[in-house]
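Working notes, structure below.
So you know, we letter chains A, B, ... as the sequences are listed, proteins then strands, and number each from 1.
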2 protein chains.
Amino acid sequence: MRASSKFTIAIHICIYLDYSNDQLVSSQTLAESVKTNPVVIRRLIGQLRRQGIVGSVAGAKGGFYLAKPVDQLTLWDIYLVVRDDEFFNKPKVNPDCVVSSNLAVLVDDVYSESEHSMKNSMEKVTVAQLTDKLSDILEGSPLNQC
Amino acid sequence: MRASSKFTIAIHICIYLDYSNDQLVSSQTLAESVKTNPVVIRRLIGQLRRQGIVGSVAGAKGGFYLAKPVDQLTLWDIYLVVRDDEFFNKPKVNPDCVVSSNLAVLVDDVYSESEHSMKNSMEKVTVAQLTDKLSDILEGSPLNQC
DNA sequence: TCGAATCATAACATTCTAAGTTACAATTAC
DNA sequence: GTAATTGTAACTTAGAATGTTATGATTCGA
């Protein structure tokens, strides 16, 4: 049931961009911060971009920026971007078994309700709050991000 | 099959055993129903057994049975057995990056709260209810499980 | 008591997916 | 024009999930 690390990386990226405060950040820089490859970052940002969360500027000195006000950008917004198609996976059906062939119908409601129940927790938390919290932790230490 | 399919398979097994109503069911039979291998079933049941949800009888004519009253066996009980250690994966930390090195602290609360919020949905649903629902769907059709 | 059926589990093999990499066209700054 | 960058496609790699084989332990029934 492990959601891939994409969710955490996406949050990482958003906090980083918030910190960078309108300065463009390259995929190379983000990749070093996340300890991965620039292409992996660009792929993930591609998803965030299509949802209007991150914006990009091509060309030399190009890079990425947050396209949404951070105090309106919640973890639920980010979650919806990176979530897998199926929260709980339903395996192959055996048509000869009445349990197997009806299982999806039986669990569908609980499954979607369960996933949706996380909304309350997640939409309470904005990226702005997380960056604030980080500032508190650092208490004025230099923000050498990487 | 993804990791999360274990949850659905575990539910499948419990409903099947409930249906079989005190008759022992072999891993072979369950494997056919789930369309997988008996060893895979025994491995998963091993987890359910250690939590007192399923019981087993070794030897010829042996097999598995539900060890908990079905009206007290909720999907949350089953979920707790099959869940991965970390609900949301936290990727490797870059100690040179203040965002990366503090990320776990920032998201830990929301992550555990999010997972826990599913409890309400899941503990409302018992295996007994699911088998009842299945009976309704079948409306007296013969219960040829496989 | 023996053989067949079954569980428990270890060890190994296979398959699948996520992640990483390479490559290159398109864009932009200087 | 060149260097730096995004966007994406195509391929490779690594690791996890799943499947398989094998074997010992247990139990039933002949």
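Atom-to-atom, CG of B:Leu44 to C1' of C:dA8 comes out at 14 Å; the value is rounded to the nearest Å. Taking atom CG of B:Asp84 as the reference point, atom P of D:dG15 lies 18 Å away to the nearest angstrom. Taking atom CG of residue A:Leu30 and atom C1' of nucleotide D:dG7, one finds them 15 Å apart after rounding to whole Å. Atom CD of B:Gln28 is separated from atom C1' of C:dA8 by 16 Å (rounded to the nearest Å). Distance B:Leu24 CG to C:dC7 P: 9 Å, rounded to the nearest Å. One interatomic measurement links the two molecules: CZ of A:Arg83 to C1' of C:dA18, which rounds to 18 Å at whole-angstrom precision. Spacing between atom CD1 of B:Ile41 and atom P of C:dT6 amounts to 15 Å, rounded to whole angstrom units. Summarising the geometry, the separation between CG on A:Asn89 and P on C:dC16 is reported as 14 Å, rounded to the nearest angstrom.
When only modelled atom types and interatomic distance are considered, B:Thr29 and B:Ser26 share a side-chain donor-acceptor pair under 3.5 Å.
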(request) Walk me through it: do A:Phe64 and A:Leu48 pass the test side chain to side chain contact (heavy atoms under 4.5 Å, CB included)? (result) CA-CA 11 Å; A:Phe64 303 100; A:Leu48 296 166; over 6 Å; no
(request) Please report the C-alpha distance between B:Asp77 and B:Gln51 in whole Å, then the side-chain angles of each, then the deciding distance to 0.1 Å, and finally whether the side chain to side chain contact (heavy atoms under 4.5 Å, CB included) criterion is met. (result) CA-CA 9 Å; B:Asp77 298 323; B:Gln51 298 306 315; over 6 Å; no
(message) Within the 4.0 Å limit for protein heavy atoms, which parts of nucleotides 19-24 of chain C are touched? Write it as a string from 5' to 3', B for base, S for sugar-phosphate only, - for none.
(response) SBBBB-
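A heavy-atom distance below 4.0 Å to DNA chain C is reached by these residues of residues 58-68 of chain B, ordered by number: B:Ala58, B:Gly59, B:Ala60, B:Lys61, B:Gly62, B:Gly63, B:Phe64.
Shown here are the salt bridge (Lys or Arg N to Asp or Glu O under 4.0 Å) partners of A:Arg83, two or more places apart in sequence or in another chain: A:Glu115. Evaluation of the side-chain hydrogen bond (donor to acceptor under 3.5 Å, both in side chains) rule for A:Gln28 yields A:Glu32 as partners, not counting sequence neighbours. Among residues two or more places apart in sequence or in another chain, the salt bridge (Lys or Arg N to Asp or Glu O under 4.0 Å) test is passed with A:Lys61 by none. Applying the ring pair (Phe, Tyr, Trp, His ring centres under 6.0 Å) criterion to B:Tyr111, with sequence neighbours excluded, gives A:Phe7, B:Phe88.
Remark: side-chain polar atoms of A:Asn94 are paired, donor with acceptor, to backbone N or O of A:Asp96 under 3.5 angstrom.
Here the options are B:Ile11, B:Ile13, B:Ile15, the test is side chain to side chain contact (heavy atoms under 4.5 Å, CB included), and the partner is A:Val99; only B:Ile15 passes.
The side chain of B:Ser27 contributes an N or O atom lying less than 4.0 Å from OP1 or OP2 of C:dC7. Applying the 4.0 Å criterion to OP1 and OP2 of C:dC7, one finds that B:Ser56 has every side-chain N and O outside that range.
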